[in-house]
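Quick notes on the structure that follows.
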Protein chains: 2
Amino acid sequence: MAKQKTANAVEKGEKKGSKRKLIVAAAQLFKTSGYDKTTVRDIANAVGITSGSIFYYFDSKEDLLEAVILYGISAGLEIIVAELEKKSTPTSRFHALVYAHLLALHGEPGNAHEVSSREWSRLPNDARARLKGLHERYRVIWTQELNALKDAEVLVGDEEMCRRIMVPALNWSSTWLNSKTKKVFEDIADNMCAGVLNISKQEFHSMRKAA
Amino acid sequence: MAKQKTANAVEKGEKKGSKRKLIVAAAQLFKTSGYDKTTVRDIANAVGITSGSIFYYFDSKEDLLEAVILYGISAGLEIIVAELEKKSTPTSRFHALVYAHLLALHGEPGNAHEVSSREWSRLPNDARARLKGLHERYRVIWTQELNALKDAEVLVGDEEMCRRIMVPALNWSSTWLNSKTKKVFEDIADNMCAGVLNISKQEFHSMRKAA
DNA sequence: GTCTATACAGTGATAGAC
DNA sequence: GTCTATCACTGTATAGAC
């Protein structure tokens, strides 16, 4: 449509806009139909271009998958960091972490974030290596927060096991979580935190609210 | 190779044997490469027949997937029921449930059982409906055991949430569990139970050992 | 019960016009 | 930057011989 605007509008506005559109559309389709069953024609169709044009933006379908996953992880990390910054006590930060994960999964970047965990195995090794660092930051954040929770003597069990229990449980939430309001997310987060600390939801809630 | 044996050997021995072989081989391949990336030629190759012959046993590749999942769920249920029968106290039964799930995932029927959770979404609706009942029995067993744990005042949080935390965490264990001995499974089960009850592994262990 | 041969419908990706 | 046309290839599934 728009042939040219100012130089920088073309270089970082329009161009990146289309790339972004493709990533978002692909994320949507990858999530609902899976990577393999989604064809490049489906994706092209969703953004109103033809299949050949996709390869102007991405070298291959796998390359597009990598972009989707990169976007999913990055956006998720941003949300998590932003939510954590708002809180200070170990329990409220723990809740924030879980809440942010739900937000990332079911909110704006939702499709991409879910694809990240679902289709990771479809990535070629070099792509996996490129994303490894970003992936690692997740693990570090969880470990930090769970350790703080342990220092506060709220968490008793092994923090690594706790992480290995919580993260897949969160990722799996897409199968049973329907309502997607902020209030529901907060509630589910209370429930999950309480679940893994083996206390009632009410107790955890008042615990994290107490300064 | 063996052209013919007795009549019943052919009818329920050889025939079912080949079908079984296909299911096992398919399970293996579906697990490592995923359903979509596995071709019928790969599967045929693995059991030493040609691709066309698969369709003598199964109407379609999807039909074969259904058979794999049916086998995975059934075998898993059998293991769980068998392990539960051996125990009586709520905590020891809880441990048995988790242990059995690990056994099912990583033991004999392992590939098929993992495929059950991984590729469920690839099933057509009618197949899903056929398997629904079997699937439901899982949920009932978990609910029963967790309720017993609640009655015993060992579990405090919501039992449904607890199930939703534990089951995906168990299914995800294939990504980090390497060693697959009975001893390791028992240990991991202790660790996971302890994790969700927020007590130390040692404490849970002695709890379930106390008559 | 298994093989060979093949149909037939896509699939990811490329080339070149506009 | 997008389209059209097309390629090489792989996928499932079928038909008929043995």
Side-chain angles (χ1 to χ4, degrees), chain A residues 1-26 29-30 33-68 119 122-124 126-127, chain B residues 1-26 29-30 32-68 119 122-124 127:
Chain A
M1 321 295 171
K3 271 275 154 85
Q4 249 190 350
K5 300 187 176 179
T6 60
N8 50 350
V10 172
E11 271 162 37
K12 48 190 307 193
E14 220 60 56
K15 191 174 167 184
K16 282 217 170 176
S18 296
K19 223 175 163 172
R20 181 82 162 217
K21 265 198 216 168
L22 276 170
I23 291 174
V24 171
L29 290 164
F30 288 166
S33 312
Y35 173 72
D36 292 298
K37 281 206 169 175
T38 304
T39 69
V40 291
R41 287 170 177 69
D42 292 337
I43 301 165
N45 213 310
V47 301
I49 61 176
T50 50
S51 67
S53 304
I54 286 191
F55 299 94
Y56 171 77
Y57 296 101
F58 300 96
D59 290 344
S60 66
K61 191 188 171 191
E62 270 180 351
D63 193 31
L64 173 53
L65 174 63
E66 184 180 343
V68 168
E119 311 281 4
R122 259 77 176 177
L123 280 179
D126 55 329
Chain B
M1 316 306 166
K3 273 271 154 91
Q4 249 189 350
K5 299 187 176 179
T6 61
N8 50 354
V10 172
E11 268 160 41
K12 50 189 305 194
E14 222 59 56
K15 192 173 168 183
K16 282 217 170 175
S18 296
K19 222 175 167 176
R20 182 79 162 222
K21 265 198 218 170
L22 276 170
I23 291 174
V24 171
L29 290 164
F30 288 167
T32 51
S33 312
Y35 173 73
D36 292 299
K37 280 207 168 176
T38 303
T39 69
V40 289
R41 286 186 240 270
D42 292 337
I43 301 166
N45 213 308
V47 301
I49 60 175
T50 51
S51 67
S53 305
I54 286 191
F55 298 95
Y56 170 78
Y57 298 100
F58 299 96
D59 289 344
S60 66
K61 191 188 170 189
E62 269 179 353
D63 193 32
L64 174 52
L65 174 63
E66 183 181 342
V68 169
E119 312 282 3
R122 259 76 176 180
L123 281 179

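Convention: sequence-line order gives letters A, B, ...; per-chain numbering from 1. Small disclaimer: the values here were computed from a predicted structure and weren't measured. Side chains are part of it too, since the values below use all heavy atoms of this structure and drop only hydrogens, waters and symmetry mates.
Among the protein residues, S53(B) comes within range of the nucleic acid bases, having at least one heavy atom under 4.0 Å from a base atom. Looking at heavy-atom distances under 4.0 Å, T39(B) makes contact with sugar-phosphate atoms alone, never a base.
You'll find the side chain of I43(B) reaches within 4.5 Å of the side chain of F30(B), heavy atoms only.
Candidate nucleotides dT14(C), dC3(C), dT4(D) were compared by shortest atom distance to the side chain of F55(A), and dT14(C) ranks first. Among dT2(D), dT12(D), dC3(D), the nucleotide with an atom closest to any side-chain atom of T50(A) is dC3(D). For I49(B), whose side chain is taken as the heavy atoms from C-beta onward, the closest listed nucleotide among dA13(C), dC3(C), dC3(D) is dC3(C).
When the C1' atom of dA13(D) is taken as reference, atom CG of D59(B) falls 11 Å away, rounded to whole Å. The distance from atom CZ of F58(B) to atom C1' of dG11(D) is 19 Å, rounded to the nearest whole Å. The interatomic distance linking L22(A) (CG) with dG1(D) (C1') rounds to 12 Å, in whole Å. Straight-line distance from the CD1 atom of I54(B) to the P atom of dG1(C): 16 Å, rounded to whole Å. Atom pair D36(A):CG and dT10(D):P shows a separation of 16 Å (rounding to whole Å applied). The nearest whole Å value for the distance from the CG atom in L64(B) to the C1' atom in dT12(D) is 13 Å. If you measure from atom CG of N45(B) to atom P of dT4(C), you get 12 Å, rounded to the nearest angstrom.
Residue Y35(B) is tested with L29(B), L123(B), L65(B) for a side-chain contact (heavy atoms from CB on, under 4.5 Å); the sole match is L65(B).
Residue Y56(A) places no side-chain N or O under 4.0 Å from the OP1 or OP2 atom of dT2(D).
D126(A) contributes atom CG, which lies 7.0 Å from atom CD of E66(A) (distance to the nearest 0.5 angstrom).
Using a cut-off of 4.0 Å between Lys/Arg side-chain N and Asp/Glu carboxylate O, K37(A) and D36(B) are scored as not salt-bridged.
In terms of position on DNA chain C, the residue among R41(B) and K37(A) whose nearest nucleotide sits closer to the 5' end is R41(B).
For the residue pair T39(A) / D42(A), a side-chain donor-acceptor distance below 3.5 Å is found, with atom types taken as modelled.
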